[in-house]
Amino acid sequence: MTVGHIVLIGLMGSGKTTVGRKLASTIGRRFVDTDEEVERRTGRTVRDIFESDGEPAFRLIEHRTLADTLASTEPLVVAAAGGAVLRDDSRALLGEPHRIVWLKAEPETLIDRVGRRRDHRPLLDDDPDRRLRQLWTERDPIYRSLADTTIDVTGKSVDGVCAEIAEVLT
Ligand code: S3P
């Protein structure tokens with residue numbers, strides 16, 4: 001049986017983890033964050049995998065983690081890490097029967113939000129402002145093409161974003 005999960009996508013700093021956790025508890029589902037799941041499965045940090053094995057190796061582990069998570073028969077809320085949309089085979093997983101919710105934000109908002117939380121974000125080690133703007137340009141069309149629901153998170157609280165998602169999806 002294929003179960004439909006709620007999958008949050010979007011760039012680093014868009015609030016996928018915070019919103020996902022809150023949404024899951026509000027609607028009574030279990031929450032899975034793919035970065036946390038990668039770390040749990042490998043016993044290593046995202047940063048260590050990136051730095052020791054390289055980004056393609058990380059993307060493969062991330063893909064397998066996403067695939068296994070979405071194969072769960074228990075309906076979940078899933079925060080898919082920002083780059084989990086980059087592989088073709090990962091994108092192929094992100095569609096029906098799942099609800100794909102894009103937390104959309106302008107680069108200025110993302111830059112503000114990731115300021116202090118960069119441990120698991122090695123891509124932002126050098127010049128995070130420029131890098132986030134670049135990722136925004138590269139990935140905006142990808143998130144747009146995958147999303148069945150888009151929530152603009154600019155200026156909204158976690159509770160506000162959750163309420164908006166819950167209203168659209170339930
Ligand atoms: C990445 C996003 C991060 C983490 C890694 C790479 C990306 O997750 O997987 O640093 O390429 O966008 P979050 O989106 O949860 O910050």
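Note that the structure is a prediction, hence the values are computed from the model and not measured. Any value given below was found using the heavy atoms of this structure, including those in side chains, with hydrogens, waters and symmetry copies removed. As the structure lists them, so they are numbered: ligands from 1, and atoms in each ligand from 1.
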Checklist entry - Is there a side-chain contact between Thr65 and Thr42 (heavy atoms, below 4.5 Å)? => result no
Item to check | Heavy-atom closest pair, residues Ala81 and Asp35 | outcome: CB-OD1, 3.4 Å
Checklist entry - Quick one: does Asp88's side chain get under 4.5 Å of Arg91's, heavy atoms only? => result yes
Checklist entry - Going by atom types only, do Ser157 and Asp159 share a side-chain donor-acceptor pair under 3.5 Å? => result no
Next on the checklist: With a 3.5 Å distance limit and no angle check, can you tell me whether His5 reaches the backbone of Leu76 through a side-chain donor-acceptor pair?
Outcome noted: yes
Next on the checklist: Do Val78 and Leu70 have side chains that approach each other closer than 4.5 Å (heavy atoms only, starting at C-beta)?
Outcome noted: yes
Please tabulate protein-ligand N/O pairs under 3.5 Å for ligand 1, atom names and distances to 0.1 Å.
unit_1, atom_1, unit_2, atom_2, d
ligand 1, 8 (O), Asp35, OD2, 2.7
ligand 1, 9 (O), Asp35, OD1, 2.7
ligand 1, 9 (O), Asp35, OD2, 3.3
ligand 1, 10 (O), His120, O, 2.6
ligand 1, 11 (O), Arg59, NH2, 2.7
ligand 1, 11 (O), Arg139, NH2, 2.8
ligand 1, 12 (O), Gly83, N, 3.2
ligand 1, 12 (O), Arg139, NH1, 2.6
ligand 1, 14 (O), Lys16, NZ, 2.8
ligand 1, 14 (O), Gly82, N, 2.8
ligand 1, 15 (O), Asp35, OD2, 3.0
ligand 1, 16 (O), His120, NE2, 3.2
ligand 1, 16 (O), Arg121, NE, 2.7
ligand 1, 16 (O), Arg121, NH2, 3.0

